[in-house]
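Remarks on the structure that follows.
Note: hydrogens, waters and symmetry copies are ignored here, and every other heavy atom, side chains too, is used. Bear in mind the structure is a predicted one, so any value in this text is a computation, not a measurement.
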Amino acid sequence: MNKLYITNSLSRQKEEFQPLNPPYVGMYVCGPTVSGESHLGHARPYVTFDVLYRWLMHLGYKVRYVRNITDAGHFEEEGREAEDKVGKKAKLEQLEPMELVQKYTNLYHDMMDELNCLRPSIEPTATGHIVEQIDMIQEIMHKGLAYVSNGSVYFDVIQYAKNNDYGRLSGRVLDEMISGSRDLDGQDEKRHSADFALWKNAPPEHIQRWNSPWGEGFPGWHIECSAMATKYLGAQFDIHGGGMDLQFPHHESEIAQSKTASGKEPVKYWMHNNMITINGRKMGKSYNNTITLRELFFGNHPELKQAFHPMVVRFFILQTQYRGTLDFSNEALMAAEKGFERLINTLASLHNLHHPGAITQGSQDQEFKNLSNALVEQMNDDLNTAQVIATLFELASRFNALKNLQTPWSVISEDIFNQTKSTFTFFINDILALKPSTLAAGDDNALDQTIQILIELRKEAKAKKDYATSDAIRNKLINAGIQLKDEKDGTVSWNKQ
RNA sequence: GGUCGGAUGGCCGAGUGGCUAGGCAGAGCUCUGCAAAAGCUCGUACAGCGGUUCGAAUCCGCUUCCGACCUCCA
């Protein structure tokens, strides 16, 4: 498979990826609502689409990656107590909305850095695009698919559905949604329960409010993504990503808005990552079962037996293909940690492993080549990072065997070795983007030189068969967090525990 | 209630008709002064019941259980 295939939620099938305007690719991913701290569940889409972003660039595409920051309050509009999340929290904490939003935005950025996610090309904020949102709402009104009610503006889903397939993305049938909808207690300003807000009139106590042709208010839940995606990627773009829980109503409504405004199908490929579960249930605010990324990284949570390094978390996420659910547990994370360390240790030792030369044809050259090729095919097959990692482990075993002289060098030619080594390194460093979690030898020159002195002393003791001294040096270093390893070739390496 | 998706060895997770991923844990072996690391070998799993087929974890039907969405949610 030389071409990239991705599962398009629109067709529910794997489709060959063909950009609208190669080599350019426009990719929009729904970002966080910065009214609270990012939790483990949030990490999944950002890691997933970070890998996609990296892979697309590797394939030679020029990618504009847009990921929004939702800093305008979304609200429980059908609940009795409609409320602005950002506004409410701000009052509780006695903070300015902007201050609160800034705090959580900063935290979010820090966590993304920890997870080694590349920053997007553009990171637009909802509050920074009120004008664009109002413009789009007016365009929709001109098209006759929105109406004003008590200072709010609603999208007329019934009217839209007469000429469009509302429900195509999420596999819903409008009639069933109508019959299955709940009693709304007559508080409804909407003509129909399926309609959704484009603009909401702001009650007096609402902190975030902007002037609009319909009075003071704030934008509806879905309009920001339509407006900002259109602004930065055009009326039609290639990829729109996000969590599966956003498929309906958020993305379905986004399509309706954008399509109404521009007359065009906005997105060619919709991609949705599955949820992270905990004890079999989706991790989410409404379930009160979230573990924030900070808690995870520091081990500050009753559910956690220990802290987990961000790279372990990234590895854990990538061990599953993005469309499957991923169940959190301490045991699963700890297993991931062990595996991750093995892979990273191999990578580190590979850096200093060189082919002895003089072998132009190895008995297993073909196998090494097949494994390298498999990595590419597995990425192209809907980003199957689970298989990629499995293949990397197979390569790791082979490299370790070569390093420890458990396999003769005759199995591999110099060329193939160098190629495979570079592919292996590239996939870990640049595609999966996993960084060593521990300080490798050499990163700290002073420490390394200090330890080299101790290694020398121990070597002298060993030469005199003074094992009491040599073992004492090693054991004391272990207590200090430094592990010495006697390598097969007589050298001694070390790493931090 | 409606719509959709799952059920894989002790655990996590790949795999859409035959070639029985991978990781973690476990057992054994090799290497080693001892460690650590590493390599090799082993366990032969696919919710249940039927069916299609020469052959099914993989296709079809039924049953049981679980989850997601339908309301803010990555």
Is any N or O donor-acceptor pair between the side chain of Asp471(A) and the base of G33(B) shorter than 3.5 Å?
yes
Considering Watson-Crick and G-U wobble pairs with both distances under 3.5 Å, what does A14(B) pair with?
none
How do Ala336(A) and Thr407(A) order along RNA chain B: which one's closest nucleotide is nearer the 5' end?
Ala336(A)
Taking any strand in view, what nucleotide pairs with C31(B) in a Watson-Crick or G-U wobble way, both distances under 3.5 Å?
none
Would you indicate what Glu337(A) reaches in the nucleic acid, counting non-hydrogen atoms under 4.0 angstrom: base, sugar-phosphate, or nothing?
nothing
Looking at C42(B), which nucleotide sits across from it as a Watson-Crick or G-U wobble partner, both distances under 3.5 angstrom, or is there none?
G26(B)
Applying the 3.5 Å cut-off to both distances, the Watson-Crick or G-U partner of U20(B) turns out to be none
Classify the side chain of Gln483(A) versus the base of A36(B) as yes if they form a donor-acceptor pair under 3.5 Å and no if they do not.
no
Give me the distance, rounded to whole Å, that separates U58(B) from G1(B) when you measure between the P atoms they each carry.
28 Å
Does a side chain donor of either Asn68(A) or Tyr28(A) reach within less than 3.5 Å of an acceptor in the other side chain?
yes
Side-chain donor or acceptor of Arg44(A) under 3.5 Å from a matching atom on the base of A74(B)?
no
Integer angstrom distance from the C1' of A45(B) to that of G9(B)
4 Å
What's the gap between C4(B) and A74(B) when it is taken at their P atoms, as a whole Å value?
25 Å
Separation of the C1' atoms in C69(B) and A14(B), to the nearest angstrom
26 Å
With both distances kept under 3.5 Å, what pairs with G5(B), Watson-Crick or G-U wobble?
C66(B)
As its Watson-Crick or G-U partner within any shown strand, both distances under 3.5 Å, C49(B) has G61(B)
Looking for any heavy atom pair under 4.0 Å, which part of the strands does Gln321(A) touch: base, sugar-phosphate only, or nothing?
sugar-phosphate
Donor-acceptor pair under 3.5 Å, Asp327(A) side chain vs C11(B) base
no
Determine whether the aromatic ring of Phe393(A) stacks with the base of G23(B), defined as ring centroids separated by less than 5.5 Å and ring planes inclined by less than 30°.
no
